[in-house]
There are 2 protein chains.
Amino acid sequence: MPRRQDHTQEELRQLAIDSVSRHLRSAPASQLSLRMVARDIGYSPGTLINLFGSYSLLLLAVNACTLDCIRDQLLQAMDNSRRADAGVIAELEAAAAAYFHYAQENPHAWRLVFELHLDAETPLPAWQSGRISALFSLLEARLLKLKPRATAADCASAARVIWSGVHGICTLLLDNKLFLSDGADARQLIRSLLTHYLTDWCRHTQPPASDQ
Amino acid sequence: MPRRQDHTQEELRQLAIDSVSRHLRSAPASQLSLRMVARDIGYSPGTLINLFGSYSLLLLAVNACTLDCIRDQLLQAMDNSRRADAGVIAELEAAAAAYFHYAQENPHAWRLVFELHLDAETPLPAWQSGRISALFSLLEARLLKLKPRATAADCASAARVIWSGVHGICTLLLDNKLFLSDGADARQLIRSLLTHYLTDWCRHTQPPASDQ
DNA sequence: TCTCTTTTTGAACGGTGTTCAATATAATGC
DNA sequence: GCATTATATTGAACACCGTTCAAAAAGAGA
């Protein structure tokens, strides 16, 4: 069949990614298929495979966009909080709240980031893991500001602990697996986590053995 | 075709569940299918659908077993720790370590518990959500012992915060999304979480506003 | 104009979960 | 012991799925 001039390869990539993103606004990825995306943008399944390599890699490209979007939201939330000058913990709380807000407003896109698994120990491509560790770096910088005498490893540990916690709360809450009693919501859990953890974390000028 | 007398329905259920569990010891659920299970136990796909209702519900039955197994592991770990008399926090640490250990040793079964989603807001059956909230109850009991003046809601909150944290650490670590620097492992992150969080949580005889 | 290269395709392959009429057995009533 | 009913089980069919690949048509270069 003919070579079309409708779109360049770049435009086609974006077309496919947009189609998936549009779908994820209202339905989970499990209800989407390569063939549907192809139908939606008016190309054949094979074209998309040529372009991305596989259906999974198309979804991975969508995940990259999602992570970029999450990063933007976090940065914006932290910036706003910093301008209000309510302290570093408030800034981290704002970031966590933004993270939860994104997960709640875009559950299907958010889930896909963590539920997509490439086969048989193909590790994440660097451009993808880079996006995740960039998020951790944002946190580590704030933690160092909060506790200037902390070592880099100390901050790295703490960043992973608190973000795993925030992430776990978001995950389980979206899946309705927290069985929250009325009146307690995610934002309160997040604040409880950050407040209690960081209060004690800051107390020690030298990290305890468990933070090496 | 004939009604067989090879197995009763109960035996058949167990046969199917065992087949899935056996598979999950070495490969993820995404590489398994209803037809494979049927082939493995020598019945037709339709028989399994008659028995469980759908493939998803078969997997859900497997998840119930997994959760029972996790509960047993947690109870055993806490019992051992209690006999060593090292305190309530150590007991909770032992439970968290057991949780992580199970996830690490049985990653595919563990993942399936949280990655299986039933369609279109069919909520989890009660016998399933009951198993999860029973796990929370274990924690709440220990937290009340740790801080006798805490309210039930206070303990419920704290249990959810720390277990979301432990769960998040397990999830992200299994997915290689934590990018731990050398020398820091999951057990240290878990201990850091529990120590710092609970130390400050216990400080307040009245819970702060964020713990309501 | 005639190649050569590149993009795109439709058809095919081997899989998937699920439905359902047909069926052979077991249980029941006589 | 026989006829009937009820039930467990099936294979074939359905509508999908991701992926492969030879064929073909359009553009680029000579």
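So you know, we letter chains A, B, ... as the sequences are listed, proteins then strands, and number each from 1.
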Taking every heavy atom of B/L198 against every heavy atom of B/L92, the minimum-distance pair comes out as CD1-CD1, 3.8 Å
Compute the angle between the rotation axes at the two ends of the helix from C/dT1-D/dA30 to C/dA27-D/dT4, each taken over five pairs, rounded to 10 degrees. 20°
Could you state the atom-to-atom distance from CZ of B/F52 to P of C/dG17 in whole Å? 14 Å
Whole-Å distance separating the CG atom of B/L51 from the P atom of C/dT18: 14 Å
Could you check how far CD of A/E11 sits from P of C/dT7, rounded to whole Å? 14 Å
In whole angstrom, give the distance that lies between atom CD of A/Q31 and atom C1' of D/dC16. 14 Å
Most 5' of A/P45 and B/G53 on DNA chain C, judged by nearest nucleotide: A/P45
Without decimals, in angstroms, what is the distance between A/R13 CZ and C/dT7 P? 14 Å
Between C1' on C/dG17 and CG on B/D119, what's the gap in Å once rounded to a whole number? 12 Å
Using 30° and 60° as the class boundaries, would you call the ring planes of B/H7 and B/Y43 parallel, tilted or perpendicular? tilted
Donor-acceptor pairs under 3.5 angstrom involving side-chain atoms of residues 161-169 of chain A: please list them, not counting sequence neighbours.
residue, atom, partner, partner atom, Å
A/S164, OG, A/R160, O, 2.7
A/H167, ND1, A/Y99, OH, 3.0

Under 4.0 Å between any heavy atoms, over every strand shown, what does B/S56 touch: base, sugar-phosphate, or nothing? Just pick one. nothing
Rounding to a whole Å, what distance do you find between A/Y55:OH and C/dG15:C1'? 17 Å
Is there a side-chain polar atom (N or O) of B/R39 under 4.0 Å from OP1 or OP2 of C/dT16? yes
Report the residue from A/D68, A/N63, A/T66 that forms a side chain to side chain donor-acceptor pair (under 3.5 Å) with A/R131. A/D68
Let's test your reading of the model: under 3.5 Å, does the base of D/dG18 pair with the side chain of A/R35 as donor and acceptor? yes
Distance, rounded to the nearest Å, where A/I49 contributes CD1 and C/dT9 contributes C1': 13 Å
Taking OP1 and OP2 of C/dT9, is either one under 4.0 Å from a side-chain nitrogen or oxygen of A/T47? yes
Using the side-chain heavy atoms of B/N50, tell me which of these nucleotides is nearest: C/dT7, D/dT10, C/dT9. D/dT10
Shortest non-hydrogen contact between B/L174 and B/R111, atoms and distance: O-NH2, 3.5 Å
Assuming nearest nucleotide by heavy-atom distance, tell me which of A/L34 and B/G46 is located more 5' along DNA chain D. B/G46
State whether B/S44 places a side-chain N or O below 4.0 Å from either non-bridging phosphate oxygen (OP1 or OP2) of D/dT9. no
